[in-house]
Amino acid sequence: MDRERRPLVGLLVAEWISLVGSRMSMVALPWFTLVLTGSAARTGVVAFAEMLPYVLACALGGPLIDRIGARRTSVLADLGSAAALAGVPLLHLADRLSFGALVGLVAVVGLLRGFGDTAKRVVFPETVAAAGLPITRATSIHDGLSRLGTLLGAPLAGLLIAVLDAPLVLLLDAGTFLAGAVLLAVTVPQTLAGTAAATESGPPSPAPEREPYLVALRSGLRYLRRDRLVHGIVLMLLVTNLADAAYTSVLAPVWASEVVRSSTALGLLTASFALGAVLGNVVFTVVADRVPRFAVFAVGFLLAGAPRFVALAVLDRLWVVYLVSFVAGVSIAAVNPILGAVSFERIPQQLRARVLGLVHAAAWAGIPLGGLLAGLAVQGLRLPVACLLFGTAYLLVTLLPFVMPVWRELDRPPSPPVTPESAPAGAPVSG
């Protein structure tokens, strides 16, 4: 392996290992909660308890990550996540897991994952620059590995739940956090994670000076406020992530539990989407630098969202539901790589921790509510109506790129980023 590419490969493999485990717990945790409590509403509460601290950590953690160091933060957060998540099955096996303890441990996992995921997003473009890869292709590879983790983790979880039970699957997930932390610590040097590497978007940026916490946070907010394209991205992701959280944490598990009555069906539903996303990602990785970003993004997102919700609500043939999920996966394959590449191109290196954290938090702010609202909707309106409501919201927001001109900036060639300090007063910061 080339010495220059070793940190990138190590980071990608470490993330992939932990992603496989996370996708397993994405199936195992709601299933475990449903079996333990028999309540869709409580399943939504657990999803809320994980995602609210996650979003807060992303929003407020950037200045702290700058102080601690992105690599060190990622390793420590993964080690803490492993310990907290392992507490769920261990307490359950000891017959000492109350619902309050479950909510508390899941909240700790969400908090630490927020810090860890933001830190990895800061390390990623620097390892890409050191490896000499185009950023769009690198983000496509990254997203493809994420989809592959879902493809393997979700059906594996469904099978393992049937064989071993959900608590042991959660214990396996804790092990993947531990493995990922060790691998990242070994392969990504501290010197690389702390340097201002050059990127496609411009020359190396100077290392940021130590700033007071609130000053650093305000500088990220100032940059975010001036970028109009990012406003559109945040609005779309706020709604679609809320709906996706409802789908993943409540609607799909309830569909599998009450309609199909099989944990394996839940794993296959997730896997069909992931298989389509992996195959679509392979194609996009090859053509990433030669296709128009706007058209691929807008059409793909439109096809990837609402049809999945309608399928759960009105279709009674499993193979058709899985086919709709597969097509949605193919359609979504280019969305995250395009958004990732645009973000890394536009945001100055010295502001990435705080700006990427804020963007991610704002885009994910609806996720804690997604599971909670879905649980209440299923309980009060029944599953088909709840699916159609969330599907309608998804459809409306994915039509926005076709009517908002700012989205055409996705096709604009990258230029050196402008910092908030150097931009004229009142001028939008764009790349």
Item checked: Distance-minimising heavy-atom pair for A374 and V250 -> CB-CB, 3.7 Å

Notebook entry, point to check: Any side-chain heavy atom of L312 within less than 4.5 Å of one from L383?
Noted result: no

Next item on the list: May I ask you to decide if F124's main-chain N or O and T127's side chain share a donor-acceptor pair within less than 3.5 Å?
Entry: yes

Listed pairs under 3.5 Å, donor-acceptor, residues 30-39 side chains, sequence neighbours left out:
residue	atom	partner	partner atom	Å
T33	OG1	L29	O	2.8
T37	OG1	T33	O	2.7
T37	OG1	S39	N	3.3
S39	OG	A41	N	3.3
S39	OG	R42	N	3.0

Notebook entry, point to check: Does S257 reach the main-chain N or O of P253 with its side chain, forming a donor-acceptor pair under 3.5 Å?
Noted result: no

Notebook entry, point to check: With sequence neighbours excluded, what pairs up with S325 under the side-chain hydrogen bond (donor to acceptor under 3.5 Å, both in side chains) test?
Noted result: S272

Next item on the list: Go through the structure and list residues passing ring pair (Phe, Tyr, Trp, His ring centres under 6.0 Å) with Y247, not counting sequence neighbours.
Entry: F309

Show me, pair by pair, the donor-acceptor contacts under 3.5 angstrom made by side chains of residues 107-122, not counting sequence neighbours?
residue	atom	partner	partner atom	Å
R113	NH1	E50	OE2	3.0
D117	OD2	Y54	OH	2.7
T118	OG1	G114	O	2.9
T118	OG1	R121	NH2	3.1
K120	NZ	S74	OG	2.9
K120	NZ	D78	OD1	3.3
K120	NZ	D78	OD2	3.0
R121	NH1	H360	NE2	3.4

Next item on the list: Answer yes or no: is there a donor N or O on one side and an acceptor on the other, between the side chain of R71 and the main chain of A185, under 3.5 Å?
Entry: yes

Check: Taking all atoms of both residues into account, what is the closest heavy-atom pair of P307 and V324, and its distance?
Finding: O-CG1, 3.5 Å

Determine all donor-acceptor pairs shorter than 3.5 Å in which one atom belongs to a side chain in residues 327-341; sequence neighbours excluded.
residue	atom	partner	partner atom	Å
S331	OG	V327	O	2.9
N336	ND2	D143	OD1	3.2

Item checked: Shortest non-hydrogen contact between A174 and L85, atoms and distance -> N-CD2, 3.8 Å

Notebook entry, point to check: Which atoms form the tightest heavy-atom contact between T43 and S249, and what is the distance?
Noted result: CG2-O, 3.6 Å

Notebook entry, point to check: Do F301 and F297 have their ring centres less than 6.0 Å from each other?
Noted result: yes

Please list, one pair per line, the donor and acceptor atoms closer than 3.5 Å that link side chains of residues 92-106 to other protein atoms, with sequence neighbours excluded.
residue	atom	partner	partner atom	Å
S98	OG	A101	N	3.1

Notebook entry, point to check: Would a distance-only check, ignoring hydrogens and angles, find a side-chain to backbone donor-acceptor pair under 3.5 Å from R67 to P63?
Noted result: no

